Amino acid sequence: MRSTPAVAGGGRNRASLVRQARRAIEEGSHSFAAASKLFDRRTRERAWLLYAWCRRCDDIADNQDMGGPLGDQGDAKSAEDRVQAIRVLTRRAFEEQPTADPAFDGFGLVADECNLSPEMANDVISGFALDAGGFTPKNERDMLRYCYHVAGAVGIMMARLMGVPEDDGETLDRACDLGLAFQIANIARDIVEDDAAGRCYLPAEWLAEKDFAPGEHAKPHNRFVLASLMPRLIGMMEVHEAAARLGAARLGFRQRWAVLAAANIYGAIGRKVLNRGQLAWDRRVVVPGYEKLWHVARAFGQALVNRPAGPGVPITWTRHDFRPVAGW
């Protein structure tokens, strides 16, 4: 029986994979699509390929389409089977074998071009496994570990796509911070949507401090008290956002501009949640197009000046602090 030759991208044409990845990001995330256009062409294409893999993994894990409503999650075995399918397809992509899925073939291509490791991918897939297992954070540390797996680990891969060397631990740490900031903003924005899906990413300790009964925090009559947790949550977001800007300062101009634009847009989401108080979840918080243009323009000036202040607290953490310990 003839073996399939190992070819990065599963033998698919690179231009075709890039086109499909571009459609995925334009449909799945207007914010990331806007920021990605500021990259040089090669980095932009690689970012699209990475995004398409993340989006496809998320859709498989949650049985949904392009980040839409969650599909039927089935039982625990069904959820675990979906995560296992992600692992198998990703492993084949690293082995340069065809997967019959352009998102995974494209990931194999960008992994080959940028020397991404299976360990990096497994860190991200572990986030889907946590959701499949019905994860809820007990404390702030648990929440940050979850944020690491679903977003911080992606930030590290993005840094590698932008040419950050594997041994530049400081810049990779700050790339992780940006992913953490993005995910904290997502948690704040999506509290009610997550609750409707049977999920909660706020630390149980925080909810207990407010005397919320299990599953009651997102109910309309509790949202005034829920909003009182947002200064704490968005404060965490802003600390990691400010730390990430220090890492962006080490990038080339166009890369720095794109990263700062994304930071501005996602930071705005978190701050809108904070400013709306108990009304934050009456309708989904979005950053409209004209505001995105303002944040992109502001990022241009920030990238040009390139003197970020950094967070108001000492940076004593690294990405390794957010990885799981034995038994977690």
Side-chain angles (χ1 to χ4, degrees), residues 4-18 20-22 24-25 32 35-36 38-58 86-99 101-128 148-180 182 244 247-256 258-259 262 318-320 322-324:
T4 303
V7 181
R12 291 181 188 256
N13 176 268
R14 188 183 193 280
S16 174
L17 290 172
V18 168
Q20 293 181 73
R22 180 178 182 174
I25 195 170
F32 286 136
S36 72
L38 306 180
F39 286 127
D40 60 274
R41 178 179 175 181
R42 180 52 62 94
T43 304
R44 178 168 61 247
E45 291 177 350
R46 289 171 172 172
W48 292 343
L49 292 168
L50 177 60
Y51 175 88
W53 174 74
C54 294
R55 176 72 274 152
R56 183 68 178 124
C57 289
D58 201 18
I86 293 169
R87 294 190 190 279
V88 170
L89 289 169
T90 301
R91 182 167 62 248
R92 282 188 63 84
F94 273 106
E95 292 170 351
E96 301 184 341
Q97 295 295 308
T99 68
D101 190 312
F104 286 89
D105 289 336
F107 179 69
L109 183 65
V110 75
D112 181 74
E113 291 181 357
C114 301
N115 198 27
L116 303 181
S117 69
E119 290 74 23
M120 292 177 182
N122 284 334
D123 273 355
V124 176
I125 296 171
S126 292
F128 302 123
Y148 166 78
H149 283 295
V150 299
V154 178
I156 292 167
M157 286 198 283
M158 272 299 304
R160 297 288 289 126
L161 264 59
M162 289 184 275
V164 176
E166 188 177 2
D167 60 359
D168 186 354
E170 174 66 21
T171 304
L172 294 177
D173 288 342
R174 304 291 73 83
C176 175
D177 277 313
L178 188 61
L180 296 176
F182 286 174
R250 303 184 181 95
L251 303 174
F253 177 78
R254 290 196 64 174
Q255 295 171 344
R256 184 164 65 248
V259 167
T318 73
R319 64 195 183 282
H320 304 294
F322 307 121
R323 302 194 72 190

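Predicted model only: the values in this text are computed from it and were never measured.
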Hey, are the side chains of V154 and C54 touching, using non-hydrogen atoms and a 4.5 Å cut-off? yes
Can you check whether M162 reaches V259 side chain to side chain, under 4.5 Å on heavy atoms? yes
State the CZ-CG distance between R319 and L172, to the nearest 0.5 angstrom. 5.0 Å
Look up atom CG in L161 and atom CG in L49, then write down how far apart they are to the nearest 0.5 Å. 8.5 Å
Looking at L251, is its backbone amide N or carbonyl O close enough to the side chain of R256 to form a donor-acceptor pair, meaning the two atoms are under 3.5 Å apart? yes
Between A24 and A52, the two heavy atoms sitting closest are CB-CB, 4.2 Å
Salt bridge (charged side-chain N to carboxylate O under 4.0 Å, His left out) pairs touching residues 153-169, sequence neighbours excluded, are none
What's the shortest heavy-atom distance between C57 and I86, and which atoms? O-CD1, 3.3 Å
Value rounded to 0.5 Å, distance of CH2 in W53 from CG in L109: 14.5 Å
Residues which pass side chain to side chain donor-acceptor pair (under 3.5 Å) with S16, listed by chain and number, not counting sequence neighbours: Q20
Taking only residues two or more places apart in sequence, or in another chain, which ones meet R12 in a salt bridge (charged side-chain N to carboxylate O under 4.0 Å, His left out)? D105
Nearest non-hydrogen partners of G9 and L17, listed with the distance: O-CD1, 4.1 Å
Going from CZ on R46 to OG on S36, what distance comes out if it is rounded to the nearest 0.5 angstrom? 14.5 Å
Could you grab the distance from atom CD of Q97 to atom CG of L89, nearest 0.5 Å is fine? 12.5 Å
Is the shortest side-chain heavy-atom distance between F104 and R56 below 4.5 Å? yes
Applying side chain to side chain donor-acceptor pair (under 3.5 Å), name anything that partners E95, two or more places apart in sequence or on another chain. none
Sequence neighbours excluded, the answer for ring pair (Phe, Tyr, Trp, His ring centres under 6.0 Å) partners of F32 is F182, Y266
Nearest 0.5 Å please: distance from the CD atom of E45 over to the CG atom of L50. 14.0 Å
Partners passing side chain to side chain donor-acceptor pair (under 3.5 Å) against T43 (at least two apart in sequence or in another chain): D40
Under 3.5 Å: donor-acceptor pair, side chain of H149, backbone of D123: yes
Main-chain N/O of F39 paired to R44 side chain as donor or acceptor, under 3.5 Å: yes
